[in-house]
Protein chains: 2
Amino acid sequence: MEIVRPYSHVLKKMEAVGLRSTRQRLALAKVLFENGNRHVTAEKLHAEARASHIRVSLATIYNTLHQFTNAGLLREIVVDASRSYFDTNTSSHHHFFFEETGELEDIPGLVVKQSDLPPPPQGTTVERVDVVVRVKEV
Amino acid sequence: MEIVRPYSHVLKKMEAVGLRSTRQRLALAKVLFENGNRHVTAEKLHAEARASHIRVSLATIYNTLHQFTNAGLLREIVVDASRSYFDTNTSSHHHFFFEETGELEDIPGLVVKQSDLPPPPQGTTVERVDVVVRVKEV
DNA sequence: GTGTTTGCAAAGTGTTTGCAATTTA
DNA sequence: TAAATTGCAAACACTTTGCAAACAC
């Protein structure tokens, strides 16, 4: 019986990019990656960390979110001009955004192909395509 | 020969929703709607206004952008977590976003149909679909 | 031990607000 | 003249930064 370590790849990646295994980073990695895909804001992660008795400053939350994003462990999603969202799913996919609650949800199986799009402007290449489907409660 | 008043619909709309024709609003409407489609941030519009010797405070810029947005004359575009963009083209369309310069450009002829998308989550309706193609200079 | 990381408080950025003075209708 | 609008400065929310103390290796 294999022991599942849902976020062992995170530890490997941290080492690979030279991020030390500090108490804070390990605890945040656990919260973020242990339980499937998540969408978090800095504030939410901070609140959650404190609720789990993890002592971390907000500054460290921001540092960690950016370090993980640079390491390719997180992806930043822009849906709201006033807050940054981070997604533990770094594969190419899109989102439903619940305008009232500010929640995000992955859209399964929506793939935008290069051929679906007009060519990018002269001298540019497509870095990424983001589709946000904004939904409202009826 | 017809006299073209590219933004006469704006004046009508302002009246329709009860926005008085103040010096500031008229001047900003002119800047925004006189020369085809535009994408502006508050700061850019403010700078442009001052360059054209229009005295407007930043507070009024924000007020006006929101009032015009509520009136359906502008559309807010979310592409950057740190700034709000407003588009004079309120019809359903999508954008190229130049990550280095922060510029926006309409994508002509990209239409996302309801049938292209998975159904929205139970109890919600699609308010709007935003596609942002992030491009980088080669 | 050395270089990295943390946490705090201060600073920064874009945006909003309260309110007196001004302007529009 | 009554109600709406403006501009200022202060307040705000979120994020970043500088730096001394704590920590990882």
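Scope of the values below: all heavy atoms of this structure, side chains included, with no hydrogens, waters or symmetry mates. Numbered from 1 within each chain, the chains take letters A, B, ... in sequence-line order.
Considering only side-chain N and O atoms, A:H66 lies under 4.0 angstrom from the phosphate OP1 or OP2 of D:dT16. OP1 or OP2 of D:dG7 sits under 4.0 Å from a side-chain N or O of B:Q24. Contact between the side-chain N/O atoms of A:S84 and the OP1/OP2 oxygens of D:dC14 is not found at any separation under 4.0 Å. Within the 4.0 Å cut-off from OP1 or OP2 of D:dA13, not a single side-chain nitrogen or oxygen of A:S82 is found. Note on A:T22: a side-chain N or O is less than 4.0 Å away from OP1 or OP2 of C:dT6. For B:Q67, no side-chain nitrogen or oxygen approaches OP1 or OP2 of D:dT5 to under 4.0 Å. Side-chain N/O atoms of A:R83 include one lying less than 4.0 angstrom from OP1 or OP2 on D:dC14. Residue B:R25 has a polar side-chain atom (N or O) positioned under 4.0 Å from OP1 or OP2 of D:dT6.
Straight-line distance from the CG atom of B:L28 to the C1' atom of D:dG7: 14 Å, rounded to whole Å. Remark: P of D:dT5 and OH of B:Y62 are 20 Å apart, rounded to the nearest angstrom. Put simply, CZ on A:R20 is 13 Å from P on C:dT2, counting in whole angstrom units. Between the CD atom of B:E15 and the P atom of C:dA25 there is a distance of 9 Å, given to the nearest Å. Between the C1' atom of C:dG12 and the CD atom of B:E43 lies a distance of 13 Å, rounded to the nearest Å. The interatomic distance linking B:F86 (CZ) with C:dG14 (C1') rounds to 12 Å, in whole Å. With rounding to whole Å, A:E76 atom CD is found 11 Å from D:dT15 atom C1'.
Closest approach to the A:A59 side chain among D:dT17, D:dC8, D:dC25 is made by D:dT17 (side chain taken as heavy atoms from C-beta onward). Among the nucleotides C:dT17, C:dG7, C:dT15, the one closest to any side-chain atom of B:L58 is C:dT15. Nearest to the side-chain atoms of A:S57 among the listed nucleotides C:dT24, C:dG7, D:dG7 stands C:dG7.
Atom CD of B:E48 is separated from atom NZ of B:K44 by 7.5 Å, given to the nearest 0.5 angstrom. Distance check, rounded to the nearest 0.5 Å: CD of B:E43 to OG of B:S84 gives 11.5 Å. With rounding to the nearest 0.5 Å, the separation of OG1 in B:T60 from CZ in B:R55 is 11.0 Å.
B:E76 places none of its side-chain heavy atoms less than 4.5 Å from the side chain of B:Y85.
Axis angle, first five pairs versus last five pairs of the helix from C:dG1-D:dC25 to C:dA25-D:dT1: 30°, rounded to 10°.
At a cut-off of 3.5 Å, with distance as the only test, a side-chain donor of B:D87 or B:H93 sits close to an acceptor on the other residue. In summary, the side chains of A:N89 and A:H39 do not present any donor paired with an acceptor at a separation below 3.5 Å, with no hydrogens or angles considered.
Between A:F33 and A:F68, the two ring planes are tilted [angle within 30° to 60°].
A:T41 comes within contact range of no nucleotide atom at all, as no heavy-atom separation falls under 4.0 Å.
Taking 4.0 Å as the cut-off between side-chain N and carboxylate O, B:R75 and B:D130 count as a salt-bridged pair.
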